[in-house]
Amino acid sequence: MTQKPQHIVSIMDFQLTEHQSIFVQFNGYDAIIEKKFTGEVKFLGGRPYGDIIHPERSSLSSECREYVRMVLLDKYERGEFS
């Protein structure tokens, strides 16, 4: 029985700016298209923004894009970027 490939997201760095926004740099693996990726998002008002998670601008599969968004939001809500 083969195991389904898994998406991977690893946080490389994050920075809180003086304007109370947080930039998060990460890399990972999109198991659907079988490609590694790097990206950055900016959290403003508790919401992540960035081309890598934008439905029309992202090069990731829709499943991986949503996975990345959920992982980042979860880490943000747990206070891992402060």
I want to check something: taking the side chain as every heavy atom from C-beta on, are [X] and [Y] in contact at a cut-off of under 4.5 Å?
X	Y	value
Phe43	Leu73	yes
His7	Ile32	yes
Asp74	Met70	no
Tyr67	Leu60	no

Do [X] and [Y] share a hydrophobic cluster, counting only Ile, Leu, Val, Met, Phe, Trp and Tyr and linking them when any side-chain heavy atoms are less than 4.5 Å apart?
X	Y	answer
Ile22	Leu72	yes
Phe26	Tyr49	no
Phe81	Ile53	yes

From [X] atom [atom1] to [Y] atom [atom2], the distance as rounded to the nearest 0.5 Å:
X	Y	atom1	atom2	result
Ser82	Phe14	OG	CZ	7.0 Å
Tyr29	Phe37	OH	CZ	11.0 Å
Arg69	Arg47	CZ	CZ	7.0 Å

Verdict with supporting geometry, Thr38 and Ile52, side chain to side chain contact (heavy atoms under 4.5 Å, CB included): CA-CA 9 Å; Thr38 59; Ile52 195 136; over 6 Å; no
Of the options Val9, Asp30, Val41, which is the one that meets Val68 in a side chain to side chain contact (heavy atoms under 4.5 Å, CB included)? Val9
How close do Phe23 and Glu40 get, counting heavy atoms only, and between which atoms? CD2-OE1, 3.7 Å
Taking it one step at a time, do Ser59 and Lys35 satisfy side chain to side chain contact (heavy atoms under 4.5 Å, CB included)? CA-CA 10 Å; Ser59 60; Lys35 289 196 174 181; over 6 Å; no
